[in-house]
Visitor: 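Mind looking over this structure? Questions follow.
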Amino acid sequence: MSTQPNSKTSRASEVFKAFLLLGLTSFGGPVAHLGYFRTEFVARRKWLTESAYADLVALCQFLPGPASSQVGFALGLMRAGPWGAAMAWLAFTLPSAIVLVLFAFGAAVLEGPIASGIIHGLKVVAVAIVAHAVWGMARNLCPDPTRAGIALAAVFAVVAISGPLGQVGAIVLGGIAGLLLCRGVAATAESEPLHFPVSRQVGIIALVLFGGLLILLPLLAGMAAWLDIADAFYRSGALVFGGGHVVLPLLEAEVVQSGWVSADEFLTGYGAAQAIPGPLFTFSAYLGALIPSGGSLLTATLALLAIFLPGFLLLVGVLPFWNHFRQWQWAQALMRGANAAVVGILGAALYDPVWTSAIVGAPEFALALTGFLLLTVWKLPAWAVVIVVAMGGVLIAP
């Protein structure tokens, strides 16, 4: 292991500097982020072993919330305690959040054919990005007919019951199907226990806070505008399995169907979020800045904090108990089924709202297909594809 800095303050500073560099350079989405983390903290800095890192990733993929940000939060917690966890999140999150808030302020005053063409292209590129995510996740999470069937059933569930209820129901049914049908997959190799400075008492408090906020915020919504915002983004963060692109349909149901943000604004911001590094959950800061009630900067900050909070509370709550829980075969089977359902949910979102809002003719289809091929065949990074398709939007804009 690497040499430990002399104090908690210096270790927290070390964590901040390491994650700030990643927050400025980590393009490519949550799976790519996990690769960056492994290179930096396992291979280069040797903060933990390969097996311990793999186990941590498995835990965060099992929990609702942004998996890559949860892994980063846990790495900071492991290295420098609570301050380290806070520094890891701030450094990894703030660069992209700041850029998206500035984009939200600027997008409202963009005028002229070039600006409208770029915005048109940003909506189209969302189709290519989500299609690429569905393709990659399906290959990894649905490698057999059983899990492919669970994903297909999730699509039907989301189509039959629109909105967050259908999405949550699909994940629950996917988990149940996993328990019944996915127990035959070989268990993962034994790995070493993970050690975090979190007691069982603190874990229980975090779990109580998670459940209490999930129950109380909907009851308090309507009493004040900020409570409505906190409720919408907290539920989106609490009910999403897989993080990243999977939060798209939940956020669309909360902010577009409620009338806070238009469908065009939503897809424009989602496309812009692909061109910057860091976690996709910072898309919430863009949406918060566009909500008409309250101050834009305040609502952006509230949305950003609310969407990350449930995932972190769950992680802190589970950490003291994970070493025992991860050995259970039924828990591994449940995770396989829930992950397959996530693929189906994202596949349904690819059609509505992403495709139906952006692909209005043959030129848009050709541009989206170009973006998809640039990602899958030529292996261009997402930010480069966004630039190319956005410029293409200028050419095809009406």
Visitor: Do K123 and E364 touch side chain to side chain, with heavy atoms closer than 4.5 Å?
Guide: no

Visitor: Can you list the residues that meet the salt bridge (Lys or Arg N to Asp or Glu O under 4.0 Å) rule with D231, with sequence neighbours excluded?
Guide: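 With sequence neighbours excluded, D231 shows a salt bridge (Lys or Arg N to Asp or Glu O under 4.0 Å) to R235, given in chain and number order.
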
Visitor: First locate atom CG of L315, then atom OG of S69, and finally report the distance between them rounded to the nearest 0.5 Å.
Guide: 11.0 Å

Visitor: Do L21 and V42 belong together in a cluster built from hydrophobic side chains that touch within less than 4.5 Å?
Guide: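 Different clusters: L21 never reaches V42 through Ile, Leu, Val, Met, Phe, Trp or Tyr contacts under 4.5 Å.
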
Visitor: Under the side chain to side chain contact (heavy atoms under 4.5 Å, CB included) rule, what do L141 and R147 come out as? Steps first, then yes or no, please.
Guide: CA-CA 7 Å; L141 301 179; R147 279 176 278 184; over 6 Å; no

Visitor: About how many Å separate OG of S258 and CD1 of I229, when rounded to the nearest 0.5 Å?
Guide: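 The CD1 atom of I229 sits 10.0 Å away from the OG atom of S258.
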
Visitor: What closest approach, in Å, do R183 and W330 show between heavy atoms, and which atom pair accounts for it?
Guide: NH2-CB, 3.3 Å

Visitor: Please report the shortest heavy-atom distance between F266 and L248, naming the atom on each side.
Guide: CE2-CD1, 2.9 Å

Visitor: Answer yes or no: does atom CZ of F196 have more than 12 heavy-atom neighbours from other residues, nucleotides or ligands under 6.0 Å?
Guide: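 More than 12 within 6.0 Å, yes.
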
Visitor: Dump the intermediate steps for ring-ring contact (aromatic ring centres under 6.0 Å, His included) on F308 and F281, then the final yes or no.
Guide: CA-CA 8 Å; F308 277 101; F281 265 44; 5.7 Å; yes

Visitor: Is it true that a side-chain atom of T299 and a backbone atom of G288 form a donor plus acceptor pair closer than 3.5 Å?
Guide: yes

Visitor: Would I129 and L375 count as a side chain to side chain contact (heavy atoms under 4.5 Å, CB included) if you check the C-alpha gap in whole Å, the side-chain angles of each, and the deciding distance to 0.1 Å?
Guide: CA-CA 8 Å; I129 296 290; L375 287 166; 3.8 Å; yes

Visitor: Nearest heavy-atom pair of W260 and D228: which atoms, and what distance?
Guide: CH2-O, 3.6 Å

Visitor: Under the salt bridge (Lys or Arg N to Asp or Glu O under 4.0 Å) rule, collect the residues that match up with D352, sequence neighbours excluded.
Guide: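 None.
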
Visitor: Can you tell if the side chain of F372 reaches within under 4.5 Å of the side chain of V127, non-hydrogen atoms only?
Guide: no

Visitor: So which heavy atom on R336 is nearest to which on C182, and how close?
Guide: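 That would be NH1-O, 2.9 Å.
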
Visitor: Is H33 reaching over with its side chain to a backbone N or O of S26, donor-acceptor style, under 3.5 angstrom?
Guide: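 Answer holds: yes.
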
Visitor: Return the CG to CG distance between N140 and N339, rounded to the nearest 0.5 Å.
Guide: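 With rounding to 0.5 Å, CG (N140) is 10.5 Å from CG (N339).
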
Visitor: Heavy atoms, side chains only, cut-off 4.5 Å: are L213 and P310 in contact?
Guide: no

Visitor: Please tell me if the side chains of F233 and L287 come closer than 4.5 Å, counting only heavy atoms from C-beta onward.
Guide: yes

Visitor: For a 4.5 angstrom cut-off between non-hydrogen side-chain atoms, does W378 reach V385?
Guide: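 Result no, sub-4.5 Å side-chain heavy-atom pair not found.
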
Visitor: For residues S96 and T282, report the shortest heavy-atom separation together with the two atoms involved.
Guide: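 Shortest heavy-atom separation between S96 and T282 comes out as OG-OG1, 3.1 Å.
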
Visitor: In terms of the angle between their ring planes, are F19 and W47 parallel, tilted or perpendicular, with boundaries placed at 30° and 60°?
Guide: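 Correct class here is tilted.
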
Visitor: Give the C-alpha distance, both sets of side-chain angles, the deciding distance and a yes or no for side chain to side chain contact (heavy atoms under 4.5 Å, CB included) between L251 and I307.
Guide: CA-CA 10 Å; L251 284 177; I307 201 169; 4.0 Å; yes

Visitor: Among all residues two or more places apart in sequence or in another chain, which pass the salt bridge (Lys or Arg N to Asp or Glu O under 4.0 Å) test with R44?
Guide: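 Per chain and number, R44 pairs via salt bridge (Lys or Arg N to Asp or Glu O under 4.0 Å) with E40.
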
Visitor: Are side-chain heavy atoms of R200 and F321 found at a separation under 4.5 Å?
Guide: yes

Visitor: Can you see which heavy atom on L367 is nearest to which on G393, and at what distance?
Guide: CD2-N, 3.7 Å

Visitor: Hey, quick one: are L180 and L334 part of the same hydrophobic cluster, counting side-chain heavy atoms closer than 4.5 Å, chains of contacts allowed?
Guide: yes

Visitor: Which distance, rounded to the nearest 0.5 Å, do you find between the CZ of F73 and the CE of M78?
Guide: 12.5 Å

Visitor: Are the aromatic rings of F37 and F92 close, with centres under 6.0 Å apart?
Guide: yes

Visitor: Is there a continuous path of hydrophobic side-chain contacts, each under 4.5 Å between heavy atoms, that joins V159 to V354?
Guide: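 Result: no, two separate clusters.
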
Visitor: Apply the side-chain contact (heavy atoms from CB on, under 4.5 Å) test between L34 and each candidate in V57, L56, T39; give the one that qualifies.
Guide: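 Result for side-chain contact (heavy atoms from CB on, under 4.5 Å) with L34: V57.
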
Visitor: Less than 4.5 Å apart, side chain to side chain, heavy atoms only: is that true for L122 and L267?
Guide: no

Visitor: Is there a side-chain contact between Y286 and T268 (heavy atoms, below 4.5 Å)?
Guide: yes

Visitor: Do L217 and L219 sit in one hydrophobic cluster, given that two such residues count as connected whenever their side-chain heavy atoms are within less than 4.5 Å of each other, even indirectly?
Guide: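 They do not share one cluster, since no chain of ILVMFWY contacts under 4.5 Å joins L217 to L219.
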
Visitor: If I take atom CG from residue L239 and atom CD1 from residue I171, how far apart are they, to the nearest 0.5 angstrom?
Guide: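 If I round to the nearest 0.5 Å, the distance is 7.5 Å.
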
Visitor: Would you compute the distance between atom CD1 of I359 and atom CZ of F365 and round it to the nearest 0.5 angstrom?
Guide: 8.0 Å

Visitor: Give a yes or no on whether L250 and V155 share a hydrophobic cluster (residues Ile, Leu, Val, Met, Phe, Trp, Tyr; joining criterion: side-chain heavy atoms under 4.5 Å apart).
Guide: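 Per the 4.5 Å side-chain linkage, L250 and V155 are not co-clustered.
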
Visitor: What class does the angle between the rings of Y234 and F210 fall in, given that below 30° is parallel, 30 to 60° is tilted and above 60° is perpendicular?
Guide: tilted

